[in-house]
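The next block holds one structure in the form of C-alpha cells; read it before the comments.
Within every chain, numbering begins at 1; the chains are lettered A, B, ... in the order of the sequence lines, protein sequences first and strands thereafter.
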Amino acid sequence: MGWIYIEDLKDHIGESVELRGWVWRSRSSGKISFINFRDGTGFVQVVVERSTLGDEKFKSVRKLPMEASIIIRGKVREERRAPGGVEILAEDVEVVREPSEPYPITKPDHGIDYLFDRRHLWIRSRRQFHILRLRDKIIRAIREFYWDRGFVLIDSPIFTGSIGEAAGNLFELDYFDYGKVYLAQTGQLYLEAAALAFGKVYNLGPTFRAEKSKTRRHLIEFWMNEAEVAYYEHEDNLKLQEDLVSHIVRYALENAMEHLEFLGRDIKKLEKVEPPFPRITYTEAVKLLQKKGFDIEWGDDFGGDEETAIAEQFEKPVFVTHYPRRAKAFYMQPDPDNPEVVLCDDLLAPEGYGEIIGASQRIHDYDLLVDRIKEFGLPIEAYDWYLDLRKWGSVPHSGFGLGVERTIAWIAGLEHIREAIPFPRTLYRVHP
RNA sequence: UCCGGCGUAGCUCAAUUGGUAGAGCGCCCGGCUGUUAACCGGGUGGUUGGAGGUUCGAGUCCUCCCGCCGGAGCCA
C-alpha cells in the first residue's frame with residue numbers, strides 16, 4: 001500500500017493506497033462519514049464507515065475538524081455519487097495532528113479583508129488552489145515559449161541605481177556606504193545589454209512600483225516577463241508578442257481546463273485568441289474615442305476607461321501602436337514616417353482587463369539617445385553603461401514587458417489582480 | 001493624495017420616523033448508512049471601530065480620528 005497523490009488516483013482504481021493530507025470539510029451521520037480530503041494536488045471524497053473502523057475509532061474520526069492533518073489508507077473506487085467520480089473507501093485513518101482551535105475560514109462567505117489577513121491559510125481553499133495552479137501553468141507556458149525559440153534567460157537585478165523609466169515611483173533603500181539604490185521597476189535596460197550579448201533574451205521576476213495605485217489592475221509588487229531581441233524591429237516585435245500571448249492561452253486551454261472550468265471562465269472567449277491580433281494606431285484610437293464621446297485630445301494618454309472602450313471593439317487582444325513620443329518613455333525609436341510618434345505598442349486584453357504588454361523598438365543611435373535623455377530631464381551620468389551599448393555594435397532592437405498577474409487575471413476571469421499572486425502587496429497590505 | 005461607500009456576535013448580514021440589539025453559519029451536546037455549502041433538535045455567543053457632542057432616550061443624528069472597500073491619477 002504505497003503513498004500516492006490525489007492527482008494520480010485515476011491510475012489506481014481498485015487498488016489500496018495511502019494518501020497524506022488534510023481534512024477540508026466533513027459531514028457525517030451515525031454510521032457513515034464523508035471527508036472532503038485535500039493533499040495539495042487535489043481534492044477527493046473519503047468515505048468512512050463505522051462498520052469498518054469500529055465504534056471508537058469512527059467516533060473520533062467523524063469529529064475531526066477542518067484542517068486536521070491525517071493519513072488515509074483505503075481502496076480507490078469509481079463512484080458516480082462522489083464529486084469528481086472517484087472516492088476512497090477508508091480502511092484506516094491515522095491522525096497526524098488535530099487543530100487546537102477552530103479553523104477560521106469556514107464557509108465561502110468571508111469578506112475580502114478578512115481573507116487577505118489570513119492569506120497564509122486562504123491559499124488552502126479550492127478557489128485559490130485553482131487560481132494559483134493556473135498561475136504555475138501560465139508561467140510554465142511562458143518559459144516553454146522562450147525555450148522553444150532559443151531565447152536565453154537573463155535574470156535582471158532587483159537592486160538598481162537611479163535608472164529606468166521615471167524617478168517618481170521608485171522604492172528607495174540604503175545600500176551600505178554606496179548610498180541610495182532602488183528596487184527594480186523594469187529589467188529592460190539590462191535586457192538590452194544582454195540582447196547585444198546573446199541575441200534573444202528574456203527575464204521573469206518581480207518588479208516594484210511605488211505608485212499609490214488602488215485599482216483592480218494594480219499591485220505594488222508584480223511579476224513581469226520581459227523579452228528583448230537584437231535586430232528585431234517594430235513589426236518583428238508585434239509578431240513575437242502575438243505568438244507569446246496566443247501560446248499562453250492555448251497552453252491554458254490544453255493543460256489547465258480543470259482550473260478554468262472551476263473558476264467559471266467563458267472558454268469560448270479564450271478560444272478566439274489566435275493570431276493575427278487586430279491593430280489600431282494611437283491616432284485612430286483617439287478618433288474612435290472621440291466618436292464615442294470621450295473628452296480626449298491627440299497627445300493625451302489613455303486611462304482605464306479609455307482602454308476598456310478600445311478593447312471592447314474587439315474579441316481578441318488589440319495592439320495600439322504609434323503613441324506620441326511625449327506620452328512614452330525616452331528610449332523609444334521615432335517612426336521614420338512621422339517623428340512625433342514612436343515605434344511602440346500596448347497590447348490591451350479583452351473584457352476590460354487592460355494593458356497586459358507595453359513594448360517598443362529602442363533607440364539605437366547614440367546621439368539621438370543622448371538628446372532624448374536630456375530632453376526628458378534625466379541625469380545623463382546614470383545612463384553611462386546604457387549609452388555604451390550604442391557605442392559598440394549597436395543595432396536596431398526591440399522588446400516588451402508582459403504583466404504576469406494581469407495576464408493571469410484575464411485568462412482566469414478574475415475580478416481583481418490581487419488573487420493572481422500568492423501573497424499580494426497592495427497599497428496598504430504587506431502582511432502576511 | 002483626491003472622490004464615494006462601509007465598520008453591529010468568531011464570520012456574513014438584519015434592526016420601520018431616534019424607542020427592549022436579531023438571524024444564518026461557526027462552535028458545544030444529541031440524532032440520522034450516500035452526504036455534495038448535508039439535514040433535524042437543543043445550547044453558546046455583544047463595550048454596535050474609537051473619542052466627544054445633540055437628546056428624556058443614539059446601532060441610527062453631528063464633529064474628529066482609525067480601519068477597510070470601490071474608483072481616479074500613474075502604470076504591467
Side-chain angles (χ1 to χ4, degrees), chain A residues 24-36 43-52 58-59 62-63 65-66 79-85 87 89 99 101-118 125-127 164-166 168-170 184-188 204-226 241 245 300-307 327-329 345-349 353-359 400-410 415-418 420-421 426-429:
Chain A
W24 177 230
R25 306 193 190 287
S26 67
R27 292 171 287 278
S28 75
S29 66
K31 290 174 185 170
I32 188 167
S33 177
F34 301 93
I35 298 172
N36 282 139
F43 294 77
V44 71
Q45 172 166 285
V46 176
V47 181
V48 183
E49 293 177 339
R50 189 169 71 178
S51 55
T52 307
F58 178 80
K59 209 173 174 185
R62 69 172 288 208
K63 283 183 173 177
M66 285 180 70
E79 170 56 66
R80 210 163 22 84
R81 291 169 293 186
E87 68 178 18
L89 183 58
E101 52 185 287
Y103 189 63
I105 300 173
T106 53
K107 293 291 164 60
D109 66 339
H110 297 289
I112 203 71
D113 187 40
Y114 182 90
L115 289 170
F116 274 110
D117 277 343
R118 291 156 185 79
S125 300
R126 296 221 294 176
R127 177 179 163 82
E165 296 179 14
N169 51 9
L170 291 163
Q185 55 177 202
T186 173
Q188 181 200 315
L204 180 65
T207 52
F208 309 86
R209 303 277 166 95
E211 297 160 356
K212 293 207 165 182
S213 301
K214 201 172 149 7
T215 78
R216 72 185 70 213
R217 301 185 312 280
H218 287 88
L219 292 168
I220 303 303
E221 175 181 325
F222 67 97
W223 279 57
M224 189 150 68
N225 157 234
E226 296 174 285
Q241 295 164 50
V245 171
D300 297 342
D301 208 348
F302 301 138
D305 289 347
E306 282 89 356
E307 285 182 356
K328 288 291 178 180
D345 68 86
D346 285 354
L347 183 65
L348 307 182
Y353 283 95
E355 184 184 343
I356 56 172
I357 283 181
F400 62 87
L402 170 85
V404 171
E405 286 78 17
R406 283 192 186 173
T407 303
I408 295 165
W410 162 49
E415 289 280 314
H416 199 299
I417 193 175
R418 65 191 159 202
I421 188 166
T426 57
L427 199 43
Y428 300 114
R429 183 177 296 284

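Residue A:Gly354 is out of contact with every strand shown, counting any heavy-atom pair closer than 4.0 Å. As judged by a 4.0 angstrom heavy-atom cut-off over every strand, A:Asp301 is placed among residues touching the sugar-phosphate backbone only. Residue contacts for A:Ile105: at a heavy-atom cut-off of 4.0 Å it reaches no nucleic acid atom on any strand shown. Residue A:Tyr114 is in sugar-phosphate contact alone, with no base atom involved, counting any heavy-atom pair closer than 4.0 Å across all strands shown. Nucleic acid contact class of A:Thr407 (heavy atoms, under 4.0 Å, all strands): none. Looking at heavy-atom distances under 4.0 Å, A:Gly358 makes contact with sugar-phosphate atoms alone, never a base. Residue contacts for A:Glu405: at a heavy-atom cut-off of 4.0 Å it reaches no nucleic acid atom on any strand shown. Contact annotation for A:Tyr103: no contact, since no heavy-atom pair falls under 4.0 Å across all strands.
Between B:G19 and B:G45, the distance separating the two C1' atoms is 25 Å to the nearest Å. Between the C1' atoms of B:U60 and B:G49, the separation comes to 16 Å (whole Å). Straight-line distance between the P atoms of B:C25 and B:G43: roughly 14 Å, to the nearest whole Å. As rounded to the nearest Å, B:G26 and B:G10 have C1' atoms that lie 7 Å from one another. Atom C1' of B:C2 sits at a distance of 32 Å from the matching atom of B:A58, rounded to the whole Å. Separating the P atom of B:U20 from that of B:U63 is a span of 25 Å, rounded to the nearest Å. Look at the P atom in both B:C64 and B:C69: the space between them is 23 Å, to the nearest Å. Nucleotides B:A9 and B:G5 are separated by 23 Å at their P atoms, to the nearest Å.
Whole-Å rounding puts the A:Lys214 NZ to B:G5 C1' distance at 11 Å. Computed from coordinates, the A:Glu211 CD to B:C2 P distance equals 19 Å when rounded to whole Å. Remark: P of B:G5 and CD1 of A:Ile112 are 22 Å apart, rounded to the nearest angstrom. Rounded to an integer number of Å, the gap from NE2 of A:His110 to P of B:G10 is 14 Å. Put simply, CD1 on A:Ile35 is 17 Å from P on B:U35, counting in whole angstrom units. One can place CG of A:Asp345 at 15 Å from C1' of B:C75, the figure rounded to the nearest angstrom. Here the P atom of nucleotide B:G71 and the NZ atom of A:Lys212 are 18 Å apart, to the nearest Å. A:Glu87 places its CD atom 13 Å from the C1' atom of B:U33, with the value rounded to the nearest Å.
Across B:C27, B:U33, B:A76, the shortest atom-to-atom separation from the side chain of A:Pro102 is found for B:C27. Checking B:C75, B:A76, B:U35 against every side-chain atom of A:Arg27, the shortest atom distance belongs to B:U35. When distances are taken from the side chain of A:Leu219 to each of B:A76, B:C32, B:C69, the shortest belongs to B:A76. Each of B:A72, B:C69, B:U35 was ranked by its minimum atom distance to the side chain of A:Gln45; first place goes to B:U35. Minimum atom distance to the side chain of A:Arg216 is reached by B:G71, of the listed B:G73, B:U33, B:G71. Comparing B:U33, B:C32, B:A76 by their nearest atom to the side chain of A:His218 picks out B:A76. Nearest to the side-chain atoms of A:Val47 among the listed nucleotides B:C32, B:G34, B:G30 stands B:G34. Residue A:Ile417 places its side chain closer to B:A76 than to any other of B:G73, B:C69, B:A76. Here the side chain of A:Arg418 is nearest to one of B:G70, B:C75, B:G34, namely B:G70. Here the nucleotide nearest the side chain of A:Leu427, chosen from B:U1, B:U33, B:C75, is B:U1.
Between A:Glu405 and A:His218, every side-chain heavy-atom pair lies at or beyond the 4.5 Å cut-off. Counting only heavy atoms from C-beta outward, the side chains of A:Ile220 and A:Arg429 never approach each other to under 4.5 Å. In this structure the side chain of A:Ile408 never reaches within 4.5 angstrom of the side chain of A:Trp223, judged on heavy atoms.
Looking at A:Arg209, its side chain never comes within 3.5 Å of a backbone N or O of A:Asn169 through a donor-acceptor pair.
In terms of position along RNA chain B, the nucleotide closest to A:Arg118 lies nearer the 5' end than the nucleotide closest to the other residue of the pair A:Arg118 and A:Thr215. Residues A:His416 and A:Arg217 each lie close to RNA chain B; by heavy-atom proximity, the contact nearer the 5' end of the strand is made by A:His416.
In RNA chain B, runs of at least 3 stacked Watson-Crick or G-U pairs (N1-N3 plus N6-O4 or O6-N4, or N1-O2 plus O6-N3, all under 3.5 Å) give these stems: B:1-7 with B:66-72, B:10-13 with B:22-25, B:27-31 with B:39-43, B:49-53 with B:61-65.
For A:Ser213 against B:C74, a side-chain-to-base donor-acceptor contact under 3.5 Å is present.
Between the side-chain ring of A:Phe222 and the base of B:A76, a stacking contact exists by the 5.5 Å and 30° definition.
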